[in-house]
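Single-structure report; data block below.
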Amino acid sequence: VHVVESGGGLVQAGSSLRLSCAASGGTFSSRAMGWFRQAPGKEREFVAAISGSGYTLYADSVKGRFTISRDNAKNTVYLQMNSLTPEDTAVYYCAARSLASILTNPQRYDYWGQGTQVTVSS
């Protein structure tokens, strides 16, 4: 399974960005997909996840601002990020599980992309 993120960039606080993640190989619709992020000097943290059936889960820090969605026809998952703050600055990673159920533990995800940088200036 090959996972590729895109859509990162440099934006001002209060702006929006949409990240995309294309996953090839296997049956995409049966996989749970997750977004994680890692800021300099910090551990990788859970951001959002979506199950194969579309159930979603969010970290408290992004709830109400970020939306995860998936298009199974395009083998793609999205992360719409609104009202960005400098605290959202990080490398954002997309990950895929071999199973449909979602989890917040990054160690339970089997395939990872290379990451995309999101920088929010104040």
Between [atom1] of [X] and [atom2] of [Y], what distance do you get to the nearest 0.5 Å?
X	Y	atom1	atom2	value
Asp71	Ser20	CG	OG	10.5 Å
Ile68	Gln80	CD1	CD	12.0 Å
Asp110	Leu99	CG	CG	7.5 Å
Ile102	Ser51	CD1	OG	5.5 Å
Thr104	Leu57	OG1	CG	7.0 Å
Met81	Leu17	CE	CG	4.5 Å

*Is it true that atom CZ of Arg108 has more than 12 heavy atoms of other residues, nucleotides or ligands lying nearer than 6.0 Å?*
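No, because the 6.0 Å sphere around CZ of Arg108 holds 12 heavy atoms or fewer from other groups.
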*Got more than 12 heavy atoms from elsewhere within 6.0 Å of CD, Gln114?*
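More than 12 within 6.0 Å, yes.
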*Would you tell me whether Gln117 and Thr119 have side-chain atoms, one donor and one acceptor, within less than 3.5 Å of each other?*
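Checked: Gln117/Thr119 side chains pair up, N/O donor to acceptor below 3.5 Å.
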*asked:* Contact between Arg44 and Val91 at the side-chain level, heavy atoms closer than 4.5 Å - yes or no?
replied: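 They are not in side-chain contact.
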*If we only count heavy atoms from C-beta on, is the Val120 to Val118 side-chain gap below 4.5 Å?*
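Side chain of Val120 against side chain of Val118, heavy atoms only: contact under 4.5 Å found.
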Examine distances only and state if a side-chain atom of [X] and a backbone atom of [Y] form a donor-acceptor pair shorter than 3.5 Å.
X	Y	value
Thr116	Gly8	yes
Thr76	Lys74	yes
Gln12	Ser121	no

*Start with the C-alpha distance between Glu5 and Trp112, add both sets of side-chain angles, then the distance that settles side chain to side chain contact (heavy atoms under 4.5 Å, CB included), and finish with yes or no.*
CA-CA 9 Å; Glu5 307 96 336; Trp112 290 82; 6.0 Å; no
*When you measure from the centre of the six-membered ring of Tyr93, is the NZ or CZ of Arg37 under 6.0 Å away and within 45° of the axis?*
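Here Arg37 fails the 6.0 Å and 45° test against Tyr93.
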Could you go through residues 24-34 and list every donor-acceptor pair under 3.5 Å that involves a side-chain atom there, pairing it with any protein atom two or more places apart or in another chain?
| residue | atom | partner | partner atom | Å |
| --- | --- | --- | --- | --- |
| Ser30 | OG | Thr27 | O | 2.8 |
| Arg31 | NH1 | Arg97 | O | 3.1 |

_Same apolar cluster (I L V M F W Y, side chains within < 4.5 Å links), Tyr78/Trp35_ =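 Different clusters: Tyr78 never reaches Trp35 through Ile, Leu, Val, Met, Phe, Trp or Tyr contacts under 4.5 Å.
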*According to a 4.5 Å side-chain heavy-atom criterion applied to Ile, Leu, Val, Met, Phe, Trp and Tyr, with indirect links allowed, do Val62 and Val11 form part of one hydrophobic cluster?*
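Yes; Val11 is reachable from Val62 via cluster members.
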Which atom pair, heavy atoms only, marks the closest approach of [X] to [Y]?
X	Y	result
Val77	Cys94	CG1-SG, 3.8 Å
Ala39	Ala90	N-CB, 3.8 Å
Leu103	Phe46	O-CE1, 4.1 Å
Ser16	Asn82	OG-OD1, 2.9 Å
Ser98	Tyr111	OG-CE1, 3.8 Å
Asn72	Gly52	ND2-O, 4.1 Å

*asked:* Determine whether the aromatic ring centres of residues Tyr109 and Phe36 are separated by less than 6.0 angstrom.
replied: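 Judged by ring-centre distance (under 6.0 Å), Phe36 and Tyr109 do meet the cut-off.
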*asked:* Can you tell me how the ring of Tyr92 sits relative to the ring of Phe66, calling it parallel under 30°, perpendicular over 60° and tilted otherwise?
replied: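 Judged by the thresholds at 30° and 60°, the geometry between Tyr92 and Phe66 is tilted.
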